[in-house]
Every structure is written in structure tokens, then in C-alpha cells.
Amino acid sequence: MSKNLTSRAEDYSKWYNELVVKADLAENSAVRGCMVIKPYGYAIWEKMQAELDRMFKETGHVNAYFPLFVPKSLFEAEEKNAEGFAKECAVVTHYRLENDPDNEGKLRVDPNAKLEEELVVRPTSEAIIWNTYKGWIQSYRDLPILINQWANVVRWEMRTRLFLRTAEFLWQEGHTAHATKAEALVEAEQMNDVYAEFAESFMAIPVIKGIKTESERFAGALETYCIEALMQDGKALQAGTSHFLGQNFAKAFDVKFTNNEGKLDYVWATSWGVSTRLMGALIMTHSDDKGLVLPPNLAPFQVVIVPIYKNDEQFEIISEKANSIISELKTLGVSCKFDKRDTHRPGAKFAQHELQGVPLRVAIGPKDLENNTVELARRDTLTKEIIQIDKLTQTIKDLLVVIQHELFTKALNYRNTHITEVENFDEFKTVLETKTGFISAHWDGTNETEQKIKELTKATIRCIPMNNKLDDGKCVYSGQPSTQRVLFAKAY
RNA sequence: CGGGGUGUAGCGUAGCCCGGUUAUCGCGCCACGUUUGGGACGUGGAGGCCGCAGGUUCGAAUCCUGCCACCCCGACCA
């Protein structure tokens with residue numbers, strides 16, 4: 001392992017890839033486009049899962065699990081959805097292998113074991129779930145259904161990148177069924193709000209809530225709500241989406257119910273999801289050239305204690321202090337690891353914990369034993385201070401809150417200073433090339449203009465912000481009248 | 001999938017153009033000793049189907065063909 005990361009300025013993309021691997025978050029696997037999520041990376045994902053799961057349950061949802069495979073006939077039922085995902089589906093066609101008669105010791109697919117009907121490995125689960133819901137819903141009394149599932153999905157992407165775009169990824173997908181359009185709309189918007197709240201409070205990532213234009217909408221949705229974040233390199237990242245599906249899936253799967261007036265109607269639907277892509281967002285929002293920077297609310301452990309000693313006797317005394325600090329922190333709800341490995345020297349441990357983004361580091365050495373102090377170091381600012389040991393745990397508790405807040409504020413400042421209003425297309429292109437970030441511009445509302453801008457600049461409309469203020473102007477590209485500004489950016 | 005690039009020890013690499021002794025160097029790894037407040041030092045040691053499969057040749061890391069993986073740029077996308 002070489003000592004230093006490639007810097008962000010030198011090669012942002014390389015920096016990201018090296019960081020993911022060196023911080024021990026994930027690595028590429030023997031399977032094309034699929035990653036191995038390593039324990040440290042998975043621990044962060046588990047923290048995200050735990051918070052999201054709690055938030056879903058607080059908003060009335062329950063977890064369930066549906067099959068990995070979707071029979072092709074079900075998959076194709078909702079045409080737009082099927083069409084949207086068709087190009088990236090893995091398909092199971094056989095169910096057995098046999099010894100290859102022409103190739104000793106090798107196996108081949110048994111040609112006699114062809115499936116009657118191909119099975120699509122889910123790229124998303126609307127089809128199998130709505131086919132199931134059909135059997136569960138007869139009356140308005142059966143509604144709403146508010147289900148979430150934690151699962152893996154497969155989308156056969158051409159170009160993959162650890163966490164940001166892998167062929168298989170982990171996510172959660174909520175699938176809800178409602179008696180009225182209004183209720184489904186409220187649900188879709190509510191879950192987008194939940195995502196925004198999670199991103200900001202736990203990941204310390206400021207996000208813009210908005211709706212997608214028709215061309216960026218989820219295949220099969222009538223409206224897609226989203227949260228958009230801005231990465232340090234000025235590119236936008238879609239961090240979560242929540243879809244109002246109307247009655248499309250109910251019609252495709254014939255899910256009707258009798259309402260309280262005795263009339264038959266199709267069920268209204270939503271679906272919403274966030275994925276391991278959030279790991280990518282987390283990394284690219286806060287980390288620096290020394291490695292990962294984790295917000296305290298998601299760090300696998302928030303504090304690490306590194307002992308510095310010259311002999312066993314000193315180590316014993318330090319261990320005792322460390323253990324009492326750990327138990328005090330535990331009662332304050334702070335997680336702490338004592339790095340007592342005798343195989344690495346302190347400097348190596350400092351470097352490793354910085355690389356892995358541990359928010360606070362406590363070093364205890366001989367000088368501290370004399371003075372009853374410790375050295376407390378912040379990962380985010382890389383600053384250190386000597387503090388009295390009896391003030392330590394409360395200081396840590398308070399500091400973690402400060403760090404969480406400051407990471408958010410720093411990211412928010414960056415984001416806010418990278419939303420630029422432009423009035424014409426030259427300005428649009430200049431800002432996109434030099435300053436980067438979001439561009440707030442008038443758009444005539446047509447798909448043609450959107451596609452043309454994408455073609456010319458690679459920038460797409462990330463979203464139309466929620467509660468966007470109306471503002472008469474002229475489309476930045478076509479010059480046609482426009483009633484509001486929308487946000488453009490180059491995106492991941 | 002289209003264009004470009006790269007695959008040599010766990011990692012990073014030299015050698016490849018112009019085929020020819022035992023494949024270079026650094027980091028890491030192992031043992032012992034000395035060390036420990038920012039990635040320790042010394043001595044000794046282990047580790048290689050030179051991405052995979054064919055071909056050319058007396059001889060291939062080196063030349064040719066195919067395949068695979070990864071990186072960058074496109075199209076696609078959470």
C-alpha cells in the first residue's frame with residue numbers, strides 16, 4: 001500500500017477509487033461490475049440502514065421480502081417500466097449444469113434444462129410486488145399497504161464504479177398502495193422528505209428537493225421526486241428518488257378495489273428507494289486528500305484511543321484509563337475503539353484512522369500520565385488540543401455534535417456558492433466549464449430544449465426545485481417564455 | 001457497446017520497441033533484536049503459470065491472434 005492518496009486536484013476520479021479501496025470500504029470482485037463491500041464499509045451502510053429503517057417505521061411502514069426473480073411475463077406487464085429497464089436486465093434461462101462431455105472437469109449449461117419461461121433478475125421490484133398486491137387488495141379496508149424491502153437488485157451497467165454504479169447494488173425499495181390519488185401523492189412527497197432529512201441530519205449532506213422533468217422520470221412513474229446533492233468536483237449526484245406511480249401498475253396488474261362508495265377503482269401507487277450509492281455521496285461530499293471524513297452520526301466508531309508507551313507498565317496504566325474513558329463514553333452514547341495493537345506504532349495508527357475517517361482521536365502517552373491530560377484530535381479540521389482528562393468525555397460528546405454540524409455547514413456553503421443563476425447560453429456554458437456546480441436557468445419546458453442542452457453541454461436538468469418561485473423570463477437556450485428557473489448540472 | 005490506455009510478487013513498478021544466462025527496484029510480508037508523542041531502524045528470509053488461451057520460433061514477459069479484467073472518454077443509468 002503506497003502511503004499517499006492521489007490528490008483531488010490531481011485526479012478526482014482516481015482519488016475516489018483509491019480512497020474507497022485504501023480506506024477498506026470496498027473492492028472490485030471477480031464478477032464484472034460487482035463489488036465486495038468490506039466490513040468497514042458495510043458497517044457504515046448498516047448505520048445508514050438502521051437510521052432509515054427507523055424513519056420508515058416511524059412513518060408507518062413495515063418490512064417484507066419479495067423474490068429476486070421476476071417471470072418475464074410479469075416483468076413486461078407495465079410497458080413503460082419494462083421498456084425502461086429492458087436494456088440492462090440479467091436473465092435466467094436455465095436451471096441446471098452438467099459435466100461437459102467435451103471438456104474434462106468442466107461444467108456446461110444443460111441444454112435440456114431450459115426454463116419454460118425466462119426469469120428476469122429484478123432491476124427493481126414493482127412487477128413482482130404489484131402482482132402480489134393483486135391478491136391482497138379487494139376493499140378500501142385493505143389499504144393502504146405501506147411496505148419496504150431491503151434487497152439487492154441487478155442492473156447490467158456498461159460502466160461501473162465502486163458504490164456509484166455497480167451491476168449489483170444494495171438498496172431499499174418502498175412500495176405502497178393507496179385508495180386515493182391525493183394520499184399517494186402525499187406519501188411520495190413524504191418519503192422524499194424523509195430522504196432529505198436523513199441526508200442532511202445523518203450524512204451531513206445538503207440536498208435540494210425537487211421533481212424530475214418528464215425525460216428524467218422513473219420508467220412507469222407519473223411524477224418523480226428526488227433529492228439532489230452536489231459533490232466536491234462540482235458534479236451533481238441523485239441521492240434518492242420517490243415516485244408517484246398513479247394507477248399505472250394497478251392497471252397493468254389489474255389491482256382493483258371497492259371504495260367506500262361501493263365503486264370499483266384502481267389502486268394508487270408509490271415507490272421510493274435509496275441505495276449503496278449513498279456511500280459514494282458520503283465519500284465525495286466530505287473527504288479530503290488524507291482520506292475519508294465521516295460524520296459522527298454514521299461513523300462505525302466515533303472515537304479511537306491510541307496508546308503511546310515505552311514499557312508494559314505504562315501500557316497498563318494507559319489501558320486502565322482508556323477502559324474507563326470507553327465506559328464513560330458508552331453511557332453518553334458515544335462509540336469508541338481502543339486501538340491497542342502492539343504491531344503498529346502510533347504514527348501508523350494516526351495515519352490509518354485519518355484514512356478511515358474516524359471523527360475524533362484520543363492519544364494518551366507518558367506526558368499525559370504526568371499531567372492528567374490527553375491529546376484530542378479532530379479528523380475534519382486536523383486540529384489537536386491538549387485537554388484535562390476529567391473534561392474529556394463531555395468534551396467529546398459536545399464536539400461530536402459540533403463536527404456533525406460543521407460538516408453540514410461546510411458542505412452547505414460549498415453547495416450554496418455553487419448554484420449560479422445565468423441569463424444566456426454563453427454564460428451557461430462558461431459557468432459549467434469553469435465554476436461547475438448547479439446552474440439555475442430559465443427553461444421553456446420542452447423535451448427538445450432539454451435534450452439539445454444535454455447534447456451540447458452534457459448538463460441535464462437535475463430537478464425543478466420544490467416550491468419553486470415563479471419568475472417570468474426567457475429560456476436560456478431557445479429564448480421562449482419561461483415561468484420558472486430549473487437546476488442544471490453535470491451529473492454522476 | 002464504440003474510441004483510447006493499462007495488465008510483470010499483496011501493492012506500485014523496470015525490462016517489451018530490437019526474442020537469448022538466475023525477471024529489476026521500492027513498499028508491504030515473515031524471523032530476531034532495538035524501538036514507540038505523526039506512516040521506525042538494523043540483520044536475515046520468503047514470495048512470480050510476466051492477466052488468460054492459442055500461435056510463430058531452437059528459444060517468448062518481449063512478436064502475432066483471440067479472450068478477460070481494470071482505468072479514461074462517449075452512449076446508458078440509482
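Reminder, nothing fancy here: chain letters follow the sequence lines and each chain counts from 1.
B/G48 and B/G7: their C1' atoms are spaced 15 Å apart (whole Å). Rounded to whole Å, the P atom of B/G47 lies 16 Å from the corresponding atom of B/A31. Distance check on atom C1': B/A23 versus B/A14 gives 10 Å, rounded to whole Å. Straight-line distance between the P atoms of B/C27 and B/G4: roughly 38 Å, to the nearest whole Å. Only the C1' atoms considered, B/C17 is 32 Å distant from B/C1, to the nearest whole Å. Comparing B/G12 with B/G59, their P atoms are spaced 34 Å from each other, to the whole Å. Comparing the P positions of B/U22 and B/U65 gives an interatomic distance of 29 Å, to the nearest angstrom. The C1' atoms of B/C18 and B/A75 are separated by 41 Å, rounded to the nearest whole Å.
No hydrogens or angles were tested; on distance alone, nothing pairs the side chain of A/Gln352 with the base of B/G39 as donor and acceptor under 3.5 Å. The base of B/G38 lies outside donor-acceptor range of the side chain of A/Lys290, with no N or O pair under 3.5 Å.
Between A/Trp272 and A/Phe56, the ring center distance clears the sub-6.0 Å criterion. Ring-centre distance between A/Phe198 and A/Tyr195: not below the 6.0 Å cut-off. Aromatic rings of A/Phe253 and A/Tyr133 (six-membered ring for Trp) have centroids beyond the 6.0 Å cut-off, not under it.
Both distances falling under 3.5 Å, in either a Watson-Crick or a G-U wobble arrangement, occur for no nucleotide opposite B/A23. Of the nucleotides present, B/C32 is the one that pairs with B/G42 by Watson-Crick or G-U wobble criteria, both distances under 3.5 Å.
Using a cutoff of 4.0 Å between basic side-chain nitrogens and carboxylate oxygens, A/Glu370 and A/Lys367 are not scored as salt-bridged. A salt bridge is defined here as a Lys NZ or Arg NE, NH1 or NH2 lying under 4.0 Å from an Asp or Glu carboxylate O, and A/Lys212 with A/Glu223 fails to meet this definition. Classification of A/Arg8 and A/Asp233 as a salt-bridged pair fails, no side-chain N sitting under 4.0 Å from a carboxylate O. At a threshold of 4.0 Å, the pair A/Asp339-A/Arg361 does not count as salt-bridged, since none of the basic side-chain nitrogens sits closer than that to a carboxylate oxygen.
Using a 4.0 Å heavy-atom criterion, one finds that A/Thr166 contacts the bases of the nucleic acid, with or without backbone contacts as well. A/Arg341 comes within 4.0 angstrom of no nucleic acid atom, judged by non-hydrogen atoms across all strands. Residue-level contact check: A/Gly84 touches neither bases nor backbone, having no heavy atom under 4.0 Å from any strand. Residue contacts for A/Ser275: at a heavy-atom cut-off of 4.0 Å it reaches a base atom on one of the strands shown.
Each of A/Glu173, A/Gln172, A/Lys57 was evaluated against A/Asn148; a single residue qualifies, A/Gln172, per the side-chain hydrogen bond (donor to acceptor under 3.5 Å, both in side chains) test.
Here the straight-line distance linking atom CZ of A/Arg415 with atom CZ of A/Phe438 works out to 7.0 Å at 0.5 Å rounding.
At B/C72, one or more side-chain N or O atoms of A/Ser13 fall inside 4.0 Å of OP1 or OP2 (strictly under the cut-off). The phosphate of B/C71 has neither OP1 nor OP2 within less than 4.0 Å of any side-chain N or O from A/Lys14. Checking the phosphate oxygens (OP1, OP2) of B/C72, a side-chain nitrogen or oxygen of A/Asn17 falls inside 4.0 Å. For the pair A/Arg159 and B/C70, the criterion of a side-chain N or O lying under 4.0 Å from OP1 or OP2 is not met.
Taking only side-chain atoms of A/Lys384, from C-beta outward, the nucleotide of B/G38, B/A78, B/C76 with the closest atom is B/G38. In this structure, the nucleotide among B/A78, B/C70, B/G39 sitting nearest to the side chain of A/Glu157 is B/A78. The side chain of A/Arg155 lies closest to B/A78 when the candidates are B/A78, B/G74, B/C70. Here the nucleotide nearest the side chain of A/Arg277, chosen from B/A78, B/C73, B/C71, is B/A78. Nearest to the side chain of A/Phe169, among B/C72, B/G39, B/A78, sits B/A78. Among B/C70, B/G38, B/G74, the nucleotide with an atom closest to any side-chain atom of A/Ala351 is B/G38.
Rounded to whole Å, the distance from CZ on A/Arg217 to P on B/A78 is 14 Å. The separation between A/His353 atom NE2 and B/G38 atom C1' is 13 Å, rounded to whole Å. If you take NZ of A/Lys235 and C1' of B/C72, they are 11 Å apart, rounded to a whole angstrom. Atom CE in A/Met35 sits roughly 16 Å away from atom C1' in B/C70 (whole-Å rounding). Distance A/Gln238 CD to B/C76 P: 15 Å, rounded to the nearest Å. Separating the CZ atom of A/Phe198 from the C1' atom of B/A78 is a distance of 15 Å, rounded to the nearest angstrom. One interatomic measurement links the two molecules: NZ of A/Lys22 to P of B/G39, which rounds to 17 Å at whole-angstrom precision.
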Enumerate the protein-to-nucleotides 30-37 of chain B contacts in which both atoms are nitrogen or oxygen and the separation is below 3.5 Å.
from	atom 1	to	atom 2	distance (Å)
B/U35	O2	A/Arg345	NE	3.4
B/U36	O4'	A/Arg345	NH2	3.3
B/U36	O2'	A/Tyr309	O	3.4
B/G37	O6	A/Gly365	O	3.0
B/G37	O6	A/Pro366	N	3.0
B/G37	O6	A/Lys367	N	2.5
B/G37	O6	A/Asp368	N	2.9
B/G37	O6	A/Asp368	OD2	3.3
B/G37	N1	A/Asp368	OD2	2.4
B/G37	N2	A/Asp368	OD2	3.3

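Between A/Thr276 and A/Ser29, the one whose closest nucleotide on RNA chain B sits nearer the 5' end is A/Ser29.
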For this session: Check the pair A/Gln388 / A/Thr373 against side-chain hydrogen bond (donor to acceptor under 3.5 Å, both in side chains), numbers first and verdict last.
Result: CA-CA 4 Å; A/Gln388 291 297 312; A/Thr373 56; 5.9 Å; no
